[in-house]
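The structure is given below, and queries will be raised subsequently.
Worth saying up front: this structure is predicted, and the values here are computed from it rather than measured. When a ligand or atom number is given, it counts from 1 through the structure's own listing order.
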Amino acid sequence: MSKNWRPATQLVHGGTTRSQHGETSEAIFLTQGFVYETSEAAEARFKGETEGFIYARYGSPTNDMFEKRMCMLEGAEDARATASGMAAVSAAILCQLKAGDHIVAARALFGSCRWVVETLAPKYGIECTLVDGRDLQNWEKAIQKNTKVFFLESPTNPTLEVIDIAGVAKLANQIGAKVVVDNVFATPLFQKPLELGAHIVVYSATKHIDGQGRCLGGVVLSDKEWINENLHDYFRHTGPAMSPFNAWTLLKGIETLPLRVRQQTETARRVADFLAEQPQVAKVIYPGRKDHPQADIIAKQMTGGSTLVAFELKGGKDAAFALQNALEIIRISNNLGDSKSLITHPATTTHKNLTDEAREELGISAGTVRFSAGIEDSEDVIEDFARALKAVKA
Ligand SMILES: *Cc1c(COP(=O)(O)O)cnc(C)c1O
């Protein structure tokens, strides 16, 4: 397999293995187990002397193709596909920690990710400090003798803040800690955390990788040594394995990832520019616009904008609800990365469990709205916004 393939080619051909039938499209191997010709063959497989699968909780052919394709795209040596994004995040963090260790995490995290580090980890004696990740000094100040993991998401959900991944990696390397990056919002096309110095990358494949709203999935990627020493046994024995059916759906999904993300990014960029001109809108946050507060870091670490736009309506919750309710093409949903354009009011849905204070820290106000661009014609999406904004007082 050529390492020199460009991403669009990797995503169509990477990792494909064919059965004796020579099928064009990847096959789904919906099997729990595998049979051995002889007792000796079974013994050799269990001793690790021969290559091959043992049990679908450990690995299976369709999942293997998905993992290899993701490795190629990410530039990672090894990967494990998981049943959901949260299975990937929790496995990546917990597999390498024990009681007495310490995590430093950016406070702007996807809700369940924040629960894992803030609420779950401490139950097992793993301490966690949450910081405003935009300032590298905050990461440095939070370091303790027992700090083992730095965890961040960039751009963040929902306000699209950006964190200097190379800067965080440099701090981590000084103390021998590992950096785990949740790269969902950037997509594997626009940001390569491993090249920036991060050690482990996780995805919710549920989002852009499936991209058509069908199945849950996740993936953890890193170097072979880290996977073997940390994730390998944890993954086998705790059982977050992805269904082969979902691995197949996701394999077909990533074939079209570059086409979809290109169209979504184009629409998101146009929507951001359109919204910035509207009297009802107080503020637009879009990585890729010159007025993004961290445009300098974006230029350093991202090769594309985003498929998401965050904006704030002057009229608060009433304005946000009126806008959402008046939209016809863009659907109200907490999901993102779908081929259908979606809109969310974080304060009453995805971020409703945070305290008012925590929401304020994250820049989520009553008027904050998150838009996830689909693959519809950009013109129709903008017309939908233009029509719906008429229902919102300026
Ligand atoms: C959706 C999401 C997750 C969780 O993924 P699931 O597939 O829903 O479990 C984690 N991190 C980010 C940034 C997400 O958007």
**OP:** Just need the protein heavy atom nearest to atom 6 (P) of ligand 1, so name the residue and atom and give the distance.
**Re:** Gly85 N, 3.3 Å
Subject >> Full working for salt bridge (Lys or Arg N to Asp or Glu O under 4.0 Å) between Lys98 and Asp101 >> reply: CA-CA 6 Å; Lys98 58 179 188 319; Asp101 289 343; 3.4 Å; yes
**OP:** Answer yes or no: is there an ion pair linking Asp318 with Lys393, defined by an N-O contact shorter than 4.0 Å?
**Re:** no
Subject >> Numbered atoms of ligand 1 (with element) below 4.0 Å of Glu153, judged on heavy atoms >> reply: 13 (C)
Subject >> Element-labelled atoms of ligand 1 that are located less than 4.0 Å from some non-hydrogen atom of Ser84 >> reply: 7 (O), 9 (O)
**OP:** State plainly whether the residues Arg270 and Asp273 are in salt-bridge range, i.e. N to O under 4.0 Å.
**Re:** no
Subject >> Proximity winner for atom 11 (N) of ligand 1, if only heavy atoms of Asp182, Leu308, Val116 are counted >> reply: Asp182
Original post:
So do the side chains of Leu30 and Phe245 get within less than 4.5 Å of each other, counting heavy atoms only?
Top reply: yes
Subject >> Option set Tyr203, Phe185, Phe110, criterion heavy-atom distance to atom 3 (C) of ligand 1, minimum >> reply: Phe110
**OP:** Could you say whether the N/O atoms of Met86 and ligand 1 ever approach to under 3.5 Å?
**Re:** yes
Original post:
Can Asp64 and Lys68 be counted as an ion pair, charged N to O under 4.0 angstrom?
Top reply: yes
Original post:
If hydrogens are left out, which of Leu216, Asn335, Thr206 has an atom nearest to atom 7 (O) of ligand 1, that is, the closest non-hydrogen atom?
Top reply: Thr206
Original post:
Looking only at side chains, do Glu376 and Ser341 share a donor and an acceptor under 3.5 Å apart?
Top reply: yes
**OP:** Decide whether a cation-pi geometry holds between Lys207 and Tyr203; the criteria are a distance under 6.0 Å from NZ or CZ to the six-membered ring centre and an angle within 45° of the ring axis.
**Re:** no
**OP:** Could you check atom 14 (C) of ligand 1 against the protein and tell me its nearest heavy-atom contact, residue, atom and distance included?
**Re:** Lys207 NZ, 3.0 Å
Subject >> Option with minimal heavy-atom separation from atom 5 (O) of ligand 1, where the choices are Ala205, Ser204, Gly111 >> reply: Ser204
Subject >> Proximal atoms of ligand 1 relative to Val184 (non-hydrogen, under 4.0 Å) >> reply: 12 (C), 13 (C), 15 (O)
